Amino acid sequence: METEFVDWLLRRIPADVRLEVPPGDDAAVLRPPAGRRTVVTTDMLMEGVDFVLGPDCPPQAVGHKALAVNLSDLAAMAARPEAIVVAVALPRHGGDAIARGLHEGIAALAADHGVTLAGGDTNAWDGPLVVTITAVGSVAAGVAWRRDGARPDDLLVVTGPCGGSILGRHLAVAPRCREALAIAARHTVHAAIDVSDGLSLDLSRMMAASGAAAVVDLAAVPIHPDAERLAARSDDRRSPLDHTLADGEDFELVLAMPPADARALVADPPPGLAPAIFGVVQAGSGLLARAADGTTRPLEPRGFIHAFDG
Ligand SMILES: [Mg+2]
């Protein structure tokens, strides 16, 4: 029942100075941090598309992922996470246990990142579980990272190895919020995007927004061990590099940086980060792949795109 669940939920939400009117009213009232811009993002997860509930994916894992993908978008803007609202469509059967599990997953990650729960909506229907989180962050005026600022001669950095996330990392997402703020405090970043849909696809989006081309050094693209494991399966016809360029849900950040900043970041990264330089920006459009012998060929961006028509 919605009423009991909401009562249960409200008892669990810690008070937060950022909430002038806390959850439980018609709407929350936030106190914006002085002198900072408000950054807003939203992301929806749908059972059957983004996850399948089961022994490997309990509601807690769904809650974690639903918040993590939103925090990753804030990280890609170098924004500090502040508050979230959560809207849930629960399946009628078993919905109460799912709702409580979801909240556990959300609350743990929210506490880890200093995010306050400002409100939400809980519905039930005869369909599958759908979770939508809207996250509010803050950033000093004029310094948010954007995807349209990459310039020729910038080096391309990815904050960690990619590929094969379906083997488990697609649920245990570790959003790069703290790392992004640490990088922003020390280095110049001309453009940024998080790898949600595929390294090559998200890089192509950055290049399209920036009006520039990217040359990807194939030998320098950091391949995650999960990509090797996936490619080694007998029913898999793709290479580890293919998985790294196309799989998505890695939630690392791709950064276009002046060469000196990129090299300084790779030489002395924030704790827990293993960034790599994997290419360079040049005039033009689209993606090029550079082989070890220096030859280049067009690189088709690949990744996950929601398909719809009519
Ligand atoms: Mg994104």
Side-chain angles (χ1 to χ4, degrees), residues 37-46 49-51 62 64-86 106 109-110 113 115 131-139 143-150 154 156-163 165-166 169-184 189-210 212 214 216 224 244-257 273 275 278-279 281 287 301-308:
R37 298 293 185 251
T38 298
V39 183
V40 184
T41 186
T42 193
D43 215 290
M44 177 190 291
L45 297 189
M46 297 172 292
V49 176
D50 300 289
F51 62 90
V62 177
H64 174 99
K65 180 174 181 177
L67 177 52
V69 298
N70 276 281
L71 295 182
S72 181
D73 277 329
L74 292 182
M77 308 298 289
R80 185 175 76 203
E82 304 282 2
I84 54 170
V85 293
V86 181
I106 292 169
L109 188 64
H113 285 274
V115 181
V131 187
T132 301
I133 295 185
T134 300
V136 178
S138 74
V139 65
V143 302
W145 291 345
R146 307 162 52 129
R147 57 176 73 177
D148 62 2
D154 280 350
L156 293 166
V157 176
V158 61
T159 52
C162 295
S165 67
I166 193 71
R169 283 180 297 118
H170 75 110
L171 291 174
V173 179
R176 297 302 193 189
C177 299
R178 282 182 279 267
E179 295 87 348
L181 296 182
I183 293 168
V189 173
H190 286 156
I193 192 169
D194 67 324
V195 182
S196 52
D197 297 334
L199 179 58
S200 59
L201 181 58
D202 288 313
L203 176 63
S204 76
R205 289 169 173 156
M206 179 197 278
M207 291 305 115
S210 297
V216 175
H224 195 282
T244 298
L245 290 172
D247 279 358
E249 302 221 294
D250 298 290
F251 298 103
E252 297 292 350
L253 303 175
V254 171
L255 309 171
M257 304 175 71
L273 212 62
F278 72 102
V281 181
L287 305 184
R302 283 178 300 119
F304 181 81
I305 297 175
H306 288 279
F308 50 89

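Both ligands and their constituent atoms are indexed starting at 1 by order of listing. This is a predicted model, so every value here is computed, not measured.
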Do other residues, nucleotides or ligands put more than 12 heavy atoms under 6.0 Å from R37 CZ? no
Are any side-chain N or O atoms of S200 and backbone N or O atoms of L245, one a donor and one an acceptor, separated by less than 3.5 Å? yes
Counting only protein N/O/S atoms, those under 2.8 Å from the Mg ion (ligand 1) total 2
For the backbone of L201 and the side chain of S204, can you confirm whether one donor and one acceptor N or O come within less than 3.5 Å of each other? yes
Could you check whether any side-chain N or O of N70 sits under 3.5 Å from a backbone N or O of I133, counting only pairs where one atom can act as donor and the other as acceptor? yes
When you look at R205 and D197, which way does the salt bridge (charged side-chain N to carboxylate O under 4.0 Å, His left out) test go after all the steps? CA-CA 10 Å; R205 289 169 173 156; D197 297 334; 2.7 Å; yes
Neighbour count above 12 (heavy atom, 6.0 Å) for M44 CE: no
